Each structure stands twice: as C-alpha cells, then as structure tokens.
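Note sheet for the following structure.
Chain naming here is simple, since letters A, B, ... match the order of the sequence lines and numbering starts at 1 in each. Just so you know, these numbers come straight off a predicted model, no measurement behind them.
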Amino acid sequence: MLSIQTIRENPQWVIERLKVKNFDASEMIDLVIDLDSQKRETQKMLDDHLAESNRLSKEIALCFKEGNKAEADSLKFRSQELKSVSKALEAGMSKLVVRIHDLMVQLPNLPQEGVPAGRTPDDNEEVESHGQMPALAQDALPHWELAAKYDIIDFELGSKVTGAGFPFYKGKGAKLQRALITFFLDQAAEAGYTEYQTPLAVNEDSAYGTGQLPDKDGQMYCITDDQLWLIPTSEVTLTNIFRDVILRESDFPIKITAYSPCFRREAGSYGKDVRGLNRLHQFDKVEIVQVTNPERSNQALEEMREHAASLIRKLNLPYRVLKLCGGDMSFASAMTYDFEVFSAAQKRWLEVSSVSNFESFQANRMKLRYKNADGKSVQAHTLNGSALALPRIVAALLENNQTPQGIIIPEVLRRYTGFDLID
RNA sequence: GGAGAGAUGGCAGAGUGGUCGAAUGCGGCGGUCUUGAAAACCGUUGGGUGUAACAGCCCCGGGGGUUCGAAUCCCUCUCUCUCCGCCA
C-alpha cells in the first residue's frame, strides 16, 4: 500500500508513475485526496469534542469531591449531549476510513524510474544472458516423456491421488528434488541467509500483509473451516515475521531463507503452459527475503539477483535475466527481475525465479518499521526472490542433459544426489 | 477435546471506576566520578495521530457494551499457562 503522505504531497507524480504500470489512477487519486481531507476535518472536530468531554469529566469528578451535586448533574447533561455528537462524528469517521482504505489497497506500487514502460512480456528488457544453448539430438524428448521413461516423476498417479498438477516424484526423481533443495539452502546459508522452516498455512492477516488478500484470493487454496490459507510461497510466512514490528537500524540487513512447498490454484491456465512440470498446483521452492533500510534496498536487490544467477550458472543452465516492464510487474513490486532458463527440448524459456524490491509497499501494509538515526520510526523496505523454484529447473535439467546413456546430473549436485546419472 | 487461571510499557511487575499513559525494579540512553572500565549517584526513557512548534486526540491482547468518566465492570473473540484426555 502506498502511504497517504505520498499521495497527498505528490498526486500528479503518483498518477504519472502508475501510467508505467498501465494503471490509470487519476480518478482514484482525486477521490482519495477528497476523502482524506474530509477525514482530517472530521477528525479535528471529533478530537475537539472529545477534548471537551474529557475536560468535563474531570470537572465532574471535582464537583463530586466538593459535594456539589447540582453542578455535577448539569455538567453530566452537557457531557451527554456532547457525546451524542461525538458518536455521529465517529461513525462518519469510520466510514471515511473504510472508503479511503478500500481505495488505497487497489493502488499498485509505484515502479522505479528505471522500469521500462510496456504492456506485455515482449516489452521486458533483457539485461543479462549466459550459457550455451545445448545441441540436442533430433529425437530429444520433452521432460514429461523423460520422466516417464526413467520412471522418476508420475503425473498420472498424482492426478489419481490428488488431482492434476500434484505430481509424485519417485526414486532418483525424489532424490533429485531433495538434492536441489539442500543445494539451494546451503548456497543461501553461504550467502548469509538464516534458514527458517515456516508454517505452510497462514491466517487472514498474514495473507493480507503480503498482498495476497484482498483480491488475489482466487490464487490460494483456502481451508475454510479454520480460515487459513495455504501459502503460495514462503515469502508470505517469511515476510509476515515482521508484521507489526519495529526494528532497529542495526538489525539490517535481515537476510532469511526457507524451503517450502508452494500451493497455487492457477485458475485459468491451460495448454502447453501446464504440460508436465511447467506449471503445478504444488511445487517446491527455496525463497530468500531481505528487510533493509531504504538507502540500501536497491543494492540488496542487485545482490539477490546475483545470488539467483550464480545458482543457475552452477547448474550449468543457459539463462537470461529480464527487467520486467511496468505492465508485466506484480501489483506490489517497484522493480522486478525475472530469470528464465532455456528448456531445450521444448525450446522454451521457463521462469525459474523472480526477484523483487517492494520498497515500503508491503511494509506500509503490515506496519513494518525501524527506528532511524533520528529516533523516528520509518517504513523499512522488503525484498524477496526465488532461489530457486524447482520444477522448471528440473524440466530444463532433464531436457538439456539428456544423452543416450541417461540424464547427466550437474557436478555441483552429485554430492547431494549420490549418483551422477539418471538411467 | 474437557476443567481452571491469565494477557499491563524492551523485560519483570503494581494498579479493581475519577489528574493512570500508568508506581517500582531491571534493561537502554545521557551525565557526574575514573587514565579507561566497573560500581555508585543524578537525569532521561512506549507507540500512533496531529502541529511550523506547542496543544489536542487515540492506544493497558482484538472487537463491542455500561458510565459524565474504564487498565479497572459486562459481553465476545484470539492467544498463553496449569491439570486431565488423546497422540507423532
């Protein structure tokens, strides 16, 4: 959520910035500003009435002490009158607060100056590419066929036991999953991230805090009986650790990581996008999160970008990094890099990581602050990124590393898998 | 799941209707003393909103109610602890 101060002080600038995200905010901003000034006016009146009530109460107490009952009764009467006015003002206030809030949560985060304008993924800007495209044989197989051939992933069994998009991993396939998770976590630890194991479900406040609610609830699985949501990423649990927290500047940078399964409904997806491992309802991911002060957050973003890139390099996969255009960025992000690996048999780029700086957008929502040098509490900045999401990495590894003898396991993973070939 | 107890400032812990935003202790910060440190002593020390700065207003787990007035009384929710049951 943007801060109301930003909107108050610079409405035109906010509108301009949001155009980069193809969001026409002019009407909403006007309305917010109007409601906000009404709110402030009402607040002032209400405060004055309350001040008078407080004063009268003290006077009444004094009258009782002096035994002046008649005076006390007349003051009581006045106080009651005041109170009914206060009640009306208060009702008006809370209506305004709700209306303002409802509008505010609909405003996306402002993209940074460097974010390219654009509407579709075609407008994203490639900022880095690395690695050789593998030269595969003519009869190279897509990963879902390789998975069946070597009996390492069973999609049909998942469909039977749970539903489409919930695969079983089996034998060397299961071990490969475990190896990747451990490899990613070890690398994160080496980069200074503290490992967490978090709950896999969150309450409504948390889902709201990172922005999944109020309007992205269609993407999450909900446990209605207990009003819990399955996490779509451990970003939700990791970031909500800091909900309603006031940190000290010396706590920065906070760097934390977690492996978790992620649950996504992915309503509306279809076709080749959901084939095999390309898009699942449950998948594994190692997430990295940083909380830091505003001055350092872009530096932190670059550091996280390099971390994700180094993982892909170590796995020997060809990849490219895209700076997302305004239209392709998420609601909450101010700057996002996407990482795509090339999955050679499908001949497709697959997104395996997304690293974002949310600046104070999430922090404002969840009241995450820190005390700066002046002793003022100000909003911290939050960032997160995948490091990395497993299924598409597995897809690319299977496809790119296939040989007549079997699938070759990258050097760095062998100490974790205990084997160097899937055959 | 059943029975009971509780939730107060960074922590501990007073406060059961009227200058209580809250005693006291610890911790933190500043100072005196010291070559330096410790100890001792003195001072200071919650959050939010608002203002040019004051003032004012709100906050004693969350929400609602009673009252002129609520940390204190009532209702409700959440959480914690103790005992019993069940259980990886």
Side-chain angles (χ1 to χ4, degrees), chain A residues 1-9 32-33 35-102 104 197-209 213-214 222-229 237 240-252 254 261 291 360 362-380:
Chain A
M1 187 157 74
L2 299 174
S3 78
I4 187 73
Q5 289 88 345
T6 309
I7 294 174
R8 251 183 231 151
E9 286 161 19
V32 165
I33 286 178
L35 291 171
D36 179 55
S37 72
Q38 282 183 51
K39 186 199 124 184
R40 284 148 68 88
E41 221 169 279
T42 312
Q43 179 83 66
K44 179 83 182 83
M45 278 195 285
L46 176 61
D47 284 358
D48 289 347
H49 277 78
L50 290 176
E52 179 66 5
S53 288
N54 289 341
R55 206 184 56 74
L56 283 176
S57 288
K58 279 179 190 156
E59 226 173 288
I60 291 168
L62 244 146
C63 287
F64 275 124
K65 226 173 251 173
E66 291 165 0
N68 192 348
K69 185 149 185 330
E71 178 69 7
D73 282 342
S74 103
L75 289 175
K76 267 194 201 181
F77 183 72
R78 266 181 64 200
S79 186
Q80 272 166 333
E81 281 181 329
L82 266 177
K83 196 180 170 180
S84 72
V85 179
S86 304
K87 279 226 164 182
L89 287 168
E90 216 165 286
M93 263 292 287
S94 50
K95 257 185 208 156
L96 285 166
V97 168
V98 168
R99 284 185 67 191
I100 292 169
H101 183 261
D102 285 353
M104 296 281 287
Q197 233 184 71
T198 78
L200 302 181
V202 292
N203 59 29
E204 198 167 336
D205 286 345
S206 297
Y208 175 83
L213 295 180
C222 182
I223 304 167
T224 48
D225 279 353
D226 300 286
Q227 291 196 331
L228 295 174
W229 308 82
T237 36
N240 271 287
I241 291 172
F242 303 100
R243 175 152 52 80
D244 290 319
V245 167
I246 299 177
L247 295 162
R248 282 169 303 199
E249 193 153 16
S250 59
D251 295 330
F252 294 145
I254 290 170
V291 181
S360 58
Q362 290 180 329
N364 188 38
R365 234 176 215 248
M366 66 173 112
K367 298 195 172 60
L368 160 53
R369 291 159 294 177
Y370 73 97
K371 288 237 189 259
N372 68 12
D374 306 332
K376 279 242 170 200
S377 44
V378 295
Q379 259 119 27

Residue met sooner reading RNA chain B from 5', once Leu50(A) and Lys65(A) are mapped to nucleotides
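The answer here is Lys65(A).
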
Verify, without hydrogens or angle tests, whether Asp251(A) (side chain) and Arg248(A) (backbone) share a donor-acceptor contact under 3.5 angstrom.
yes

Pairing partner of [N] (Watson-Crick or G-U wobble, both distances under 3.5 Å):
{"N": "G69(B)", "value": "none"}
{"N": "U16(B)", "value": "none"}
{"N": "G1(B)", "value": "C84(B)"}
{"N": "U51(B)", "value": "none"}
{"N": "G46(B)", "value": "C59(B)"}
{"N": "G6(B)", "value": "C79(B)"}
{"N": "G25(B)", "value": "C11(B)"}

Nearest-angstrom distance from the residue atom [atom1] of [X] to [atom2] of [N]:
{"X": "Asp251(A)", "N": "G10(B)", "atom1": "CG", "atom2": "P", "answer": "15 Å"}
{"X": "His49(A)", "N": "C58(B)", "atom1": "NE2", "atom2": "P", "answer": "14 Å"}
{"X": "Glu204(A)", "N": "C77(B)", "atom1": "CD", "atom2": "C1'", "answer": "14 Å"}
{"X": "Glu90(A)", "N": "G63(B)", "atom1": "CD", "atom2": "C1'", "answer": "14 Å"}

[N] versus [M] - spacing of their [atom1] atoms, nearest Å:
{"N": "U24(B)", "M": "G31(B)", "atom1": "C1'", "answer": "23 Å"}
{"N": "A14(B)", "M": "C87(B)", "atom1": "C1'", "answer": "41 Å"}
{"N": "G9(B)", "M": "A23(B)", "atom1": "P", "answer": "13 Å"}
{"N": "G2(B)", "M": "A70(B)", "atom1": "C1'", "answer": "34 Å"}
{"N": "A88(B)", "M": "A5(B)", "atom1": "C1'", "answer": "29 Å"}
{"N": "G6(B)", "M": "G61(B)", "atom1": "P", "answer": "14 Å"}
{"N": "G13(B)", "M": "G27(B)", "atom1": "C1'", "answer": "14 Å"}
{"N": "C57(B)", "M": "A38(B)", "atom1": "P", "answer": "42 Å"}

Can you list the residues that meet the salt bridge (charged side-chain N to carboxylate O under 4.0 Å, His left out) rule with Asp47(A), with sequence neighbours excluded?
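Residues passing salt bridge (charged side-chain N to carboxylate O under 4.0 Å, His left out) with Asp47(A): none at all.
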
Please identify each residue that fulfils salt bridge (charged side-chain N to carboxylate O under 4.0 Å, His left out) with Asp205(A), with sequence neighbours left out.
none

Going by the rule side chain to side chain contact (heavy atoms under 4.5 Å, CB included), which residues pair with Ser86(A) if we only count those two or more places apart in sequence or in a different chain?
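For Ser86(A) the side chain to side chain contact (heavy atoms under 4.5 Å, CB included) partners, ignoring immediate neighbours, are Leu46(A), His49(A), Leu50(A).
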
Which letters describe nucleotides 45-50 of chain B, given B = protein heavy atom under 4.0 Å from base, S = only from sugar-phosphate, - = neither?
--SS-S

Quick one: what's the B/S/- string for nucleotides 64-76 of chain B, heavy-atom cutoff under 4.0 Å, read 5' to 3'?
---BBS-------

Once side-chain hydrogen bond (donor to acceptor under 3.5 Å, both in side chains) is applied, do any residues pair with Thr6(A), and if so which ones, sequence neighbours excluded?
Ser3(A)

Residues which pass side-chain hydrogen bond (donor to acceptor under 3.5 Å, both in side chains) with Asn203(A), listed by chain and number, not counting sequence neighbours:
Ser206(A)

CD/Gln38(A): more than 12 non-hydrogen atoms of other groups inside 6.0 Å:
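Correct, the count exceeds 12.
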
Could you note down all residue pairs passing salt bridge (charged side-chain N to carboxylate O under 4.0 Å, His left out) where residues 76-100 of chain A supplies at least one of them, sequence neighbours left out?
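Passing the test, one end in residues 76-100 of chain A: Glu52(A)-Arg78(A).
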
Keeping to residues at least two apart or across chains, list the salt bridge (charged side-chain N to carboxylate O under 4.0 Å, His left out) pairs with something in residues 59-75 of chain A.
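Listed by first then second residue: Arg55(A)-Glu59(A), Lys69(A)-Asp73(A).
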
Does Asp36(A) reach the side chain of Arg40(A), with side-chain heavy atoms less than 4.5 Å apart?
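SC-SC contact between Asp36(A) and Arg40(A) confirmed.
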
On the nucleotide C57(B), are OP1 or OP2 found under 4.0 Å from the side-chain N or O atoms that Asn54(A) carries?
yes

Remember a base hit wins even if backbone is also touched, and classify Asp73(A) as base, sugar-phosphate or nothing at under 4.0 Å, heavy atoms.
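Asp73(A): no heavy atom of the nucleic acid under 4.0 Å.
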
Quick one: pull up CD in Gln43(A) and NZ in Lys39(A) and give me the separation to the nearest 0.5 Å.
6.5 Å

